[in-house]
Novice: 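The structure's right below; bear with me while I get my questions together.
When a ligand or atom number is given, it counts from 1 through the structure's own listing order.
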Amino acid sequence: MRVLLLGSGGREHALALGLAADPNVEQLIAAPGNPGIATVADLRDIDPADAQAVVALAVEIAADLVVIGPEAPLVAGVADAVRAKGIPVFGPSAEAAQLEGSKAFAKEIMTAAQVPTARAYACTTPEEVAAALDDFGAPYVVKNDGLAAGKGVVVTDDRAAAERHAAECGRVVIEEYLAGPEVSLFVVTDGQSAVPLLPAQDFKRVGDGDTGPNTGGMGAYAPLPWTPPGLVAQVMTEVVHPTLAEMRRRGTPFAGLLYVGLAITADGPKVIEFNARFGDPETQVVLALLETPLAGLLRAAATGTLAVHPPLRWSAGAAVTVVVASANYPATPRTGDEITGAEVPGIIHAGTRETDDGRLVSAGGRVLCATATGADLNAAREAAYALVDGVTLDGSHHRRDIALAAAEGRITLP
Ligand code: AMP
């Protein structure tokens with residue numbers, strides 16, 4: 001199988017490792033990729049959101065499968081363009097990707113499919129915003145109604161800050177606050193059949209103890225020892241299958257990766273958000289535990305044959321990833337700092353670049369993801385933090401409490 005992977009972040013490096021390890025993959029090409037991905041794939045420098053360029057490359061290399069990592073190409077219709085050429089593509093159509101692209105559309109689908117989620121209002125005027133904030137009270141949840149790379153949400157007790165965010169966004173969804181620990185569940189689907197991966201948890205706030213501003217994600221772990229029994233089956237029945245059925249009913253079936261972000265509330269699991277692609281950095285830990293060959297699984301979803309795909313196999317044990325972020329992230333991250341010690345297994349490149357003279361430097365806010373497995377969460381944490389200790393990056397910071405509460409049995413359900 002010849003596989004073309006689109007994207008350049010930590011998620012794509014994790015996908016590249018999984019795809020390259022599949023014995024049926026004879027060639028892996030990544031566009032544009034990054035220096036970590038370059039160790040397992042041939043890189044081609046094209047814009048992954050440029051549908052024509054992607055189609056031309058997929059045809060040139062006679063790709064048997066195109067895997068789309070990030071959301072921007074999906075919303076731009078790259079999957080549609082590749083599919084129109086008869087090439088199997090893992091990633092939903094532009095219309096189906098609106099489950100992520102528009103918070104208001106996602107709410108509409110959830111309402112129609114009777115999926116448990118937070119009550120919400122779509123608001124555009126200051127009067128609508130004020131009425132919605134009054135209705136729900138603090139903490140306020142204000143979401144930009146558009147693609148914001150996971151950073152368009154403000155959760156705050158500060159009424160003025162909530163109103164400011166709404167005014168800056170123009171069109172927002174304001175919703176009820178859901179109290180309870182969060183779970184990320186990835187579901188591989190061909191539009192009809194659906195296969196859940198292991199639930200994972202990520203860490204959105206920049207600081208230990210969930211303090212400071214929101215980020216793209218500072219770490220993750222899997223599996224989750226604290227989830228109620230039957231959680232995944234319940235989410236498949238109450239959330240995933242009704243959502244897929246509603247998307248089919250509308251003539252816009254969702255095929256690809258449905259990312260279900262949940263809060264485990266006192267009333268059971270409720271959807272916080274849908275994404276139309278693998279989450280970053282949860283992908284790094286989930287794929288670290290997946291033993292089933294990845295390209296075969298994604299190709300089954302891309303060709304509508306998931307129903308006959310064998311059940312997934314998982315490693316025993318746990319995986320932890322710790323994000324090493326650049327100075328000043330998430331505000332205005334400093335880039336161009338030299339990185340050493342990154343050429344070891346388990347160091348996943350998220351925002352790195354090679355200079356003309358061959359040095360590895362930071363090129364984004366989230367720079368590396370130190371990813372390790374172990375017999376349990378404690379062992380995986382220890383191994384992941386040992387990887388962090390082996391890296392140097394001036395001014396970098398990372399959380400020290402990734403997976404700690406879970407490892408110590410301190411996560412309680414409401
Ligand atoms: P989203 O982009 O919708 O995932 O939101 C980013 C983060 O904001 C989520 O991971 C949650 O931590 C938080 N969040 C979003 N919506 C809610 C909600 N209704 N209640 C509580 N927290 C929320």
Side-chain angles (χ1 to χ4, degrees), residues 11 70-72 75 97-111 115-123 129 132-133 135-158 161-162 165-166 168-169 171-186 199-207 209-221 224 235 239 243 257-283 323 330 366 399 402 405 411 413-414:
R11 160 185 53 216
E71 56 272 32
V75 173
Q98 285 303 305
L99 268 188
E100 167 163 6
S102 166
K103 302 272 186 200
F105 176 74
K107 278 289 173 194
E108 189 187 311
I109 296 292
M110 284 190 263
T111 304
V115 165
T117 184
R119 287 199 300 127
Y121 298 103
C123 308
V129 167
L133 296 176
D135 184 2
F136 296 133
Y140 304 106
V141 181
V142 182
K143 302 188 171 187
N144 194 358
D145 184 31
L147 265 195
K151 288 157 215 139
V153 178
V154 163
V155 180
T156 179
D157 286 324
D158 179 344
H165 185 61
E168 279 163 16
C169 296
R171 190 176 149 80
V172 291
V173 171
I174 293 178
E175 64 182 44
E176 167 194 18
Y177 179 79
L178 297 177
E182 290 180 31
V183 171
S184 302
L185 183 68
F186 298 165
Q201 190 176 46
D202 77 339
F203 293 77
K204 282 271 194 290
R205 302 286 183 134
V206 72
D210 295 327
T211 53
N214 257 326
T215 69
M218 294 299 289
Y221 68 95
L224 310 180
V235 173
V239 175
T243 298
L257 196 292
L258 182 65
Y259 168 133
V260 187
L262 300 151
I264 310 304
T265 74
D267 300 327
K270 291 193 180 182
V271 176
I272 287 183
E273 64 164 342
F274 284 134
N275 289 318
R277 36 82 199 175
F278 281 99
D280 193 342
E282 299 97 311
T283 302
V323 170
R366 295 188 292 170
R399 281 184 63 160
I402 303 300
I411 298 189
L413 295 168

Novice: Measure the shortest side-chain to side-chain distance between V141 and T156 over non-hydrogen atoms and say whether it is less than 4.5 angstrom.
Specialist: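 No, too far: nothing below the 4.5 Å cut-off.
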Novice: For atom 7 (C) of ligand 1, which candidate among K270, K204, K103 provides the closest heavy atom?
Specialist: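 Among K270, K204, K103, the closest heavy atom to atom 7 (C) of ligand 1 comes from K204.
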Novice: Show which atoms of ligand 1 fall inside a sub-4.0 Å distance from at least one heavy-atom site of E175.
Specialist: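 Within the 4.0 Å cut-off of E175, ligand 1 contributes 16 (N), 17 (C), 18 (C), 19 (N).
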Novice: Find out whether R205 and R399 are in side-chain contact, i.e. whether some heavy atom of one side chain is under 4.5 Å from a heavy atom of the other.
Specialist: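 Side chain of R205 against side chain of R399, heavy atoms only: contact under 4.5 Å found.
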Novice: Of the backbone atoms (N, CA, C, O) and the side-chain heavy atoms from C-beta on, which set of E176 has a member under 4.0 Å from an atom of ligand 1: side chain, backbone, both, or neither?
Specialist: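 Only the backbone of E176 comes within reach of ligand 1.
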Novice: Do F105 and L99 have side chains that approach each other closer than 4.5 Å (heavy atoms only, starting at C-beta)?
Specialist: yes
Novice: Can you list the ligand 1 atoms lying under 4.0 Å from a non-hydrogen atom of V155?
Specialist: 8 (O), 13 (C), 14 (N)
Novice: Does any N/O atom on N214 come nearer than 3.5 Å to any N/O atom on ligand 1?
Specialist: no
Novice: Are side-chain N/O atoms of K204 and T215 paired as donor and acceptor at under 3.5 Å?
Specialist: no
Novice: Under a 4.0 angstrom heavy-atom cut-off, which atoms of ligand 1 come close to V153?
Specialist: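 Heavy-atom distances to V153 below 4.0 Å select 1 (P), 2 (O), 3 (O), 5 (O), 6 (C), 8 (O), 15 (C).
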Novice: Of all residues at least two apart in sequence or in a different chain, which pass the ring pair (Phe, Tyr, Trp, His ring centres under 6.0 Å) check with F274?
Specialist: none
Novice: So does E175 pair up with K107, basic N to acidic O under 4.0 Å?
Specialist: yes
Novice: With heavy-atom distances below 4.0 Å as the criterion, list the atoms of ligand 1 near L178.
Specialist: 18 (C), 19 (N), 20 (N), 21 (C)
Novice: Check whether any N or O atom of Y177, backbone or side chain, sits under 3.5 Å from an N or O atom of ligand 1, and answer yes or no.
Specialist: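 No - when backbone and side-chain N and O of Y177 are compared with those of ligand 1, no distance drops under 3.5 Å.
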Novice: Which of the listed options, R119, K143, E100, holds the heavy atom that is closest to atom 3 (O) of ligand 1?
Specialist: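 Considering heavy atoms of R119, K143, E100, the nearest to atom 3 (O) of ligand 1 sits in K143.
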Novice: Scan the side chains in residues 262-272 for donor-acceptor partners under 3.5 Å anywhere in the protein, sequence neighbours excluded, and list what turns up.
Specialist:
{"residue": "T265", "atom": "OG1", "partner": "D267", "partner atom": "N", "Å": "3.0"}
{"residue": "T265", "atom": "OG1", "partner": "G268", "partner atom": "N", "Å": "3.4"}
{"residue": "T265", "atom": "OG1", "partner": "G268", "partner atom": "O", "Å": "2.7"}

